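In this text, all values refer to a predicted model and were calculated from it rather than measured experimentally.
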Amino acid sequence: MERARRTRSVLAALAAALLAVPGITALSSAARAADADVATNGGFESGLTGWTCTAGTTVNSPVHSGSSALQATPSGSDNARCSQTVTVQPNAQYTLSGYVRGSYVYLGATGTGTTDVSAWTQSAPDWQKLSTTFRTGAATTKVTIHTHGWYGTGAYQADDITLVGPGGSGTGQPPAAPADLRTTSVTSSSVGLSWSAVTGATGYAVYRDGAKVQTVTGTSATVSGLAASTAYSFQVTALNDAGESAKSATVTATTTAGPGGGTSDLPPHALVGYLHASFANGAGYTRLADVPDSWDVIDLAFGEPTSVTSGDIRFRRCPVTECPNVESDAEFKAAVKAKQAAGKKVLISIGGQNGQVQLTTTAARDTFVSSVSDIIDTYGLDGLDIDFEGHSLSLNPNDTDFKNPTTPVIVNLISALKTLKAKYGAKFVLTMAPETFFVQNGYQYYGTGKWGGQDPRCGAYLPVIHALRDDLTLLHVQDYNSGPIMGLDNQYHSMGGADFHIAMTDMLLTGFPVAGDQNNVFPPLRPDQVAIGMPASTNAGNGHVSPAEVTKTLDCLTKKTNCGSYATHGTWPALRGLMTWSVNWDRYANWEFQKTFDAYFG
C-alpha cells in the first residue's frame, strides 16, 4: 500500500515536469482526445460522395472492409486521381492512411502548408496499408488528400482511407438533405431544377442518374448536354465544411424531342441492314427486290475507291459470273424506286473491310464528292453510309482536340460530307458504321496520346461524328469484331453478351470524356440517331448474340429492365433500332435477326 502511493507520487511529479517543458503540451492527453478521422466517406460506402475522381467508380469486390471500395483505372493520359479537400487546423499533426491494391498506387496530401507528402507501392497483389504523416502550416485550414495510379498500368483499388488529427475549426455535422426538389424547365437537351434552401449549407451538388454533374451555391441549377426524348433521374445534396448530406428524394424528367437529322420520315424504330450488292460470299446473293419489308434502311455494300488516296469512288454491281441470279441494272433501279415507294431508304455504303479511303488532299475531297454524287444520281439513292475501316482514318500526332481537328483526312472527309448534305438537302440520309476502336475506345485513348506511342487511329471517328452530329441520321457502331473496350464504369467489356451492347450504347447516349479529360467531353447523341450494330449470325462475324440477349439489350436501354451488371446512365425509349451485317447472312440464318426485331418492336 505504501509502495503504491510512492509510485503514484513519482509519476505525478514526472508528469508535472513534462508539462512544464515548452511544446510538450501539444501532446497532452486532452489534445489527443480531440483527434478524429476528418476524411469523408473513406470507405466508399456512399459511392463517390465527397470525392472527385477522373476515372473512378465504386465496386463491391474486392473490398478491404464494408461493402464497397474505390476502383479507378488510369489511361495513357490520366493517372485516375481521386481526391477530396478536408478542413483541418493550423499547426497540427495528421496521419493519413488507407488500404490499396494494384500496381503503382499512391496515397498523399497536398496543400499542407509545410511539406506535401505521399506513400506508394509498386505492387500490391492484395490489400496493403499505406501511411504517411504531416504537420499543417501556421495558416493552413484546408488540405487535399488523394489517391492515384500510374499512366496505363491498369486498375487499382483503395478502401478505408482515414485522415486522423484535430478536427478543423467550425466542423460539426453535415447539413440536412435538401427538400422539395422539382423541375422548372425541360428542353430537348436540358432540365432545370430547384429546391428549398438548407440551413448551414454552403453549396449544393447535383446528381444525374447517380453521378455528380455539378455543384452550385444557390438553390437552382440547369443540367445541360442531355439527349432528346430521354428519361433522366436527379437528386441534390447539401454541402458544408463538415461534409455532404444524404441525397434528396429523386425527381425524373424526360427531355423533349429534338430536331431531326434526316430522320423525320424514318419509323420510330428502324431495322438497318447491309446488302451484298457488289459481291457474293458464303451467304449467297440476294436481290434488292427480295429484301423483306421489315428492313427500313438498306445499305448497298460497297462503293470502293480506285486507289486509297484518289477519292474516286466506284460502285460495281456483282457480275453474273460471281452472282448468277443478279438482276439487271434496270431491274435494280426499279427495285430502288419500289423500296422508296414503300417508305424504305436505300443508301450507298462507302468503304468496308477492303475499301480503304484516305482523302489526303482537297483534290481527293472534291473527287469524292463528285463520284459519290454520280452513284447517288445514277441509282436514285436516298443518301450515304460511311463505313471507313482499317487505316482510312487516323490522327496526326499534334491533333489532340476532337472538336477542332487538323488532320487532312479528317478535315477533308468532314468537308465532303457537309457538301453532300448541302447539295441534297434535309432529306439526305447520312449514316456511319465505325468500329468500337474508332469511337468508344476514345474514352481511354485519343490519337497518339500526350506522350506518343498510341495507335493514331484511336477515337479517330469522334471528330467526324461531332462535326456532323446535326446532319447525322444514324450512327450504328459495329459492336462486333471488337476487342475488350472500357465502359463508363471503368470496366472492360467483351463481345458475346448483352452487357457489351448496353455499355457501348450507353457511352454514345451519355457522352464521355475523351482520353479521360473531364474538360474535353464528347457530348451525347440523340437516341433517335443511334442504332446498335450486331452480326446477324455466327457466320457473319465475331460477337453474335442470341435473340434472348438482343431482347435483354433493348429492355435495359429502352425500359431499364432486364439489365445485367452494367448500370446505364439513363433510359432511352426513343432508341432508333438495330443494324446488322448483313441482310444476306440473316437470310442464310432463316431471318433470325429480322424476326427478333419484328417481335420486339411489333
CD/E322: more than 12 non-hydrogen atoms of other groups inside 6.0 Å: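 Atom CD in E322 is crowded, with more than 12 foreign heavy atoms closer than 6.0 Å.
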K403 atom NZ: more than 12 heavy-atom contacts under 6.0 Å: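 More than 12 heavy atoms, drawn from other residues, nucleotides or ligands, come within 6.0 Å of this atom.
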Looking at [atom1] of [X] and [atom2] of [Y], how far apart are the two atoms once the value is rounded to the nearest 0.5 Å?
X	Y	atom1	atom2	result
M432	L430	CE	CG	5.0 Å
I414	I465	CD1	CD1	10.5 Å
D489	S565	CG	OG	7.5 Å
F388	F438	CZ	CZ	11.5 Å

Keeping [X] on the side-chain end and [Y] on the backbone end, is there a donor-acceptor pair under 3.5 Å?
X	Y	value
T436	D479	no
K339	V291	yes
Q454	G447	yes
E389	N354	no
N325	Y285	yes
T505	I502	no

Quick one: closest heavy-atom pair of [X] and [Y], and the distance?
X	Y	result
I410	P463	CG2-CG, 3.8 Å
T153	P74	OG1-CG, 4.4 Å
P573	H269	O-CE1, 3.2 Å

Residue pair D385, T431: steps toward the side-chain hydrogen bond (donor to acceptor under 3.5 Å, both in side chains) verdict: CA-CA 5 Å; D385 173 69; T431 67; 2.6 Å; yes
pair [X]-[Y]: side-chain heavy atoms closer than 4.5 Å:
X	Y	value
S373	Y424	yes
S482	N441	no
L347	L300	no
H391	Q358	yes

CA sep, side-chain torsions, deciding dist, call: T57, N490, side-chain hydrogen bond (donor to acceptor under 3.5 Å, both in side chains): CA-CA 7 Å; T57 187; N490 294 317; 5.7 Å; no
Within residues 569-602 or reaching into it, pairs that qualify as disulfide bond (SG atoms under 2.5 Å apart) - sequence neighbours excluded: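 Pairs touching residues 569-602 that pass the test: none.
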Under-4.0 Å salt bridge between D382 and K427: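 Salt bridge between D382 and K427, a charged N being under 4.0 Å from a carboxylate O: no.
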Salt bridge flag under 4.0 Å for residues D296 and K345: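 A salt bridge is absent here (no side-chain N lies under 4.0 Å from a carboxylate O).
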Geometric class of the H148/W150 ring pair [parallel <30°, tilted 30-60°, perpendicular >60°]: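 Ring orientation of W150 relative to H148: tilted.
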Mutual orientation of the aromatic rings belonging to F402 and H466 [parallel < 30°, tilted 30-60°, perpendicular > 60°]: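 The arrangement is perpendicular - the two ring planes meet at more than 60°.
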Pair E304-R316, salt bridge (Lys or Arg N to Asp or Glu O under 4.0 Å): steps then yes or no: CA-CA 9 Å; E304 298 181 359; R316 297 181 176 90; over 6 Å; no
Residue pair T561, D555: steps toward the side-chain hydrogen bond (donor to acceptor under 3.5 Å, both in side chains) verdict: CA-CA 5 Å; T561 61; D555 279 347; 4.6 Å; no
D506 and T568: CA distance, side-chain angles, deciding distance, side-chain hydrogen bond (donor to acceptor under 3.5 Å, both in side chains) verdict: CA-CA 6 Å; D506 180 66; T568 64; 4.9 Å; no
Partner set under side chain to side chain contact (heavy atoms under 4.5 Å, CB included) for S310, not counting sequence neighbours: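 Listed in chain order: P305, T306, S307, D312.
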Y379 six-ring face occupied by K333 cation (under 6.0 Å, within 45°):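 That pair qualifies as a cation-pi contact.
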Test: R587 cationic atom under 6.0 Å from F593 six-membered ring centre, within 45° of axis: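 So R587 doesn't make the cation-pi contact.
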Is it true that [X] and [Y] have ring centroids separated by less than 6.0 Å?
X	Y	result
F597	F601	yes
Y480	H544	no
W581	H276	yes

